[in-house]
Amino acid sequence: QVLLAESGGGSVPPGGSLTLACASSEDTFTTFCVVWFRQSPGKERVMVAQICPGGRKILYHGAVQGRFTVSKDSGAPKVYLEMKYLRPEDTATYYCAAGQTQKKPYLPEAHDMEYWGQGTRVTVSS
C-alpha cells in the first residue's frame with residue numbers, strides 16, 4: 001500500500017511563498033511519478049506539477065510555470081512543491097498523488113493517479 005502525506009499548507013499574502021512537502025517511502029518515488037494537484041471549491045481537481053523517478057519528466061501547468069518548482073529531496077523520501085509569487089487564484093487544497101504517468105502524452109489528470117494524499121490547504125489573501 002502506498003501512503004502519501006502532504007504538509008506545509010497555510011495562509012500567506014499575495015506575493016508570498018510556501019513550500020509543500022509530500023512524504024512517502026523511497027520505493028514510491030522510484031516506482032511512480034508524483035503529481036501535485038489542486039482543487040478549489042466547486043471546481044475540478046487540476047494538475048499543477050509532476051516529477052517522475054530520477055527527476056525525469058518534470059511538467060507544470062501553464063498557470064504556475066515560472067512560479068512553482070517541483071523537486072525530489074535527495075536525502076529523504078519527500079517531494080517538494082516550492083511556490084513563489086503566490087496569487088489569490090492559487091488558493092486551493094493541494095494534493096500529491098502517485099501514478100504511472102511517465103508515458104502519458106498529455107498533462108496527468110486525476111483519473112490517471114493510483115494513490116492520493118489527504119491534501120493540505122493553501123490560502124492566498126491579504
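- Counting only residues at least two apart or on different chains, the side chain to side chain donor-acceptor pair (under 3.5 Å) pairs with a member in residues 66-80 are Glu26-Lys72, Arg67-Asp90, Asp73-Tyr80.
- Cys33 is listed as a side-chain neighbour of Pro53, based on a closest heavy-atom distance under 4.5 Å.
- Listed by first then second residue, pairs satisfying salt bridge (charged side-chain N to carboxylate O under 4.0 Å, His left out) with a partner in residues 4-13 number zero, not counting sequence neighbours.
- With sequence neighbours excluded, the residues that form a side chain to side chain donor-acceptor pair (under 3.5 Å) with Ser24 are Thr28.
- Other residues sharing a hydrophobic cluster with Leu4 under the 4.5 Å side-chain heavy-atom criterion for ILVMFWY residues are Val2, Phe32, Tyr115.
- No chain of hydrophobic side-chain contacts below 4.5 Å, direct or via other Ile, Leu, Val, Met, Phe, Trp or Tyr residues, connects Val70 to Tyr85.
- Judged as a disulfide (SG to SG under 2.5 Å), the pairs with a partner in residues 89-126 (not counting sequence neighbours) are, in order, Cys22-Cys96.
- Linking Ile, Leu, Val, Met, Phe, Trp and Tyr whenever their side-chain heavy atoms come within less than 4.5 Å leaves Ile51 and Leu59 in two separate clusters.
- Annotation for Met113 and Val35: closest pair CE-CG2, 3.5 Å, computed over non-hydrogen atoms.
- No cation-pi contact links Arg38 to Tyr95, judged by a cut-off of 6.0 Å to the six-membered ring centre and 45° from its axis.
- Of all heavy-atom pairs between Val12 and Ser17, the closest is CG1-O, 3.8 Å.
- Annotation for Met47 and Pro108: closest pair CB-O, 3.2 Å, computed over non-hydrogen atoms.
- By the ring-ring contact (aromatic ring centres under 6.0 Å, His included) test, Phe37 is found to be paired with Trp116, residues two or more places apart in sequence or in another chain being considered.
- Leu3 and Val34 fall into different hydrophobic clusters, defined by Ile, Leu, Val, Met, Phe, Trp and Tyr side-chain heavy atoms under 4.5 Å apart, directly or through other members.
- At least one side-chain heavy atom of Gln102 sits under 4.5 Å from a side-chain heavy atom of Cys52.
- Residues in residues 95-116 take part in these salt bridge (charged side-chain N to carboxylate O under 4.0 Å, His left out) pairs, two or more places apart or across chains: Lys104-Asp112.
- Proximity of Met83 to Leu20: side-chain heavy atoms (C-beta onward) are separated by under 4.5 Å at one or more points.
- Within the structure, no pair that satisfies the side chain to side chain donor-acceptor pair (under 3.5 Å) test touches residues 56-66, not counting sequence neighbours.
- Tracing side-chain contacts under 4.5 Å through hydrophobic residues (I, L, V, M, F, W, Y), one reaches Val64 starting from Leu18; they form part of the same cluster.
- Between Gln50 and Thr101, the closest side-chain pair of non-hydrogen atoms falls below 4.5 Å.
- The hydrophobic cluster of Val46 has no other members, since no ILVMFWY side-chain heavy atom comes under 4.5 Å of it.
- Scored by the salt bridge (Lys or Arg N to Asp or Glu O under 4.0 Å) test, Glu82 finds Lys84 as partners (sequence neighbours excluded).
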Distance-only criterion, 3.5 Å: show the donor-acceptor pairs between side-chain atoms of residues 119-126 and protein atoms not counting sequence neighbours.
from: Thr120; atom 1: OG1; to: Gly9; atom 2: N; distance (Å): 3.1

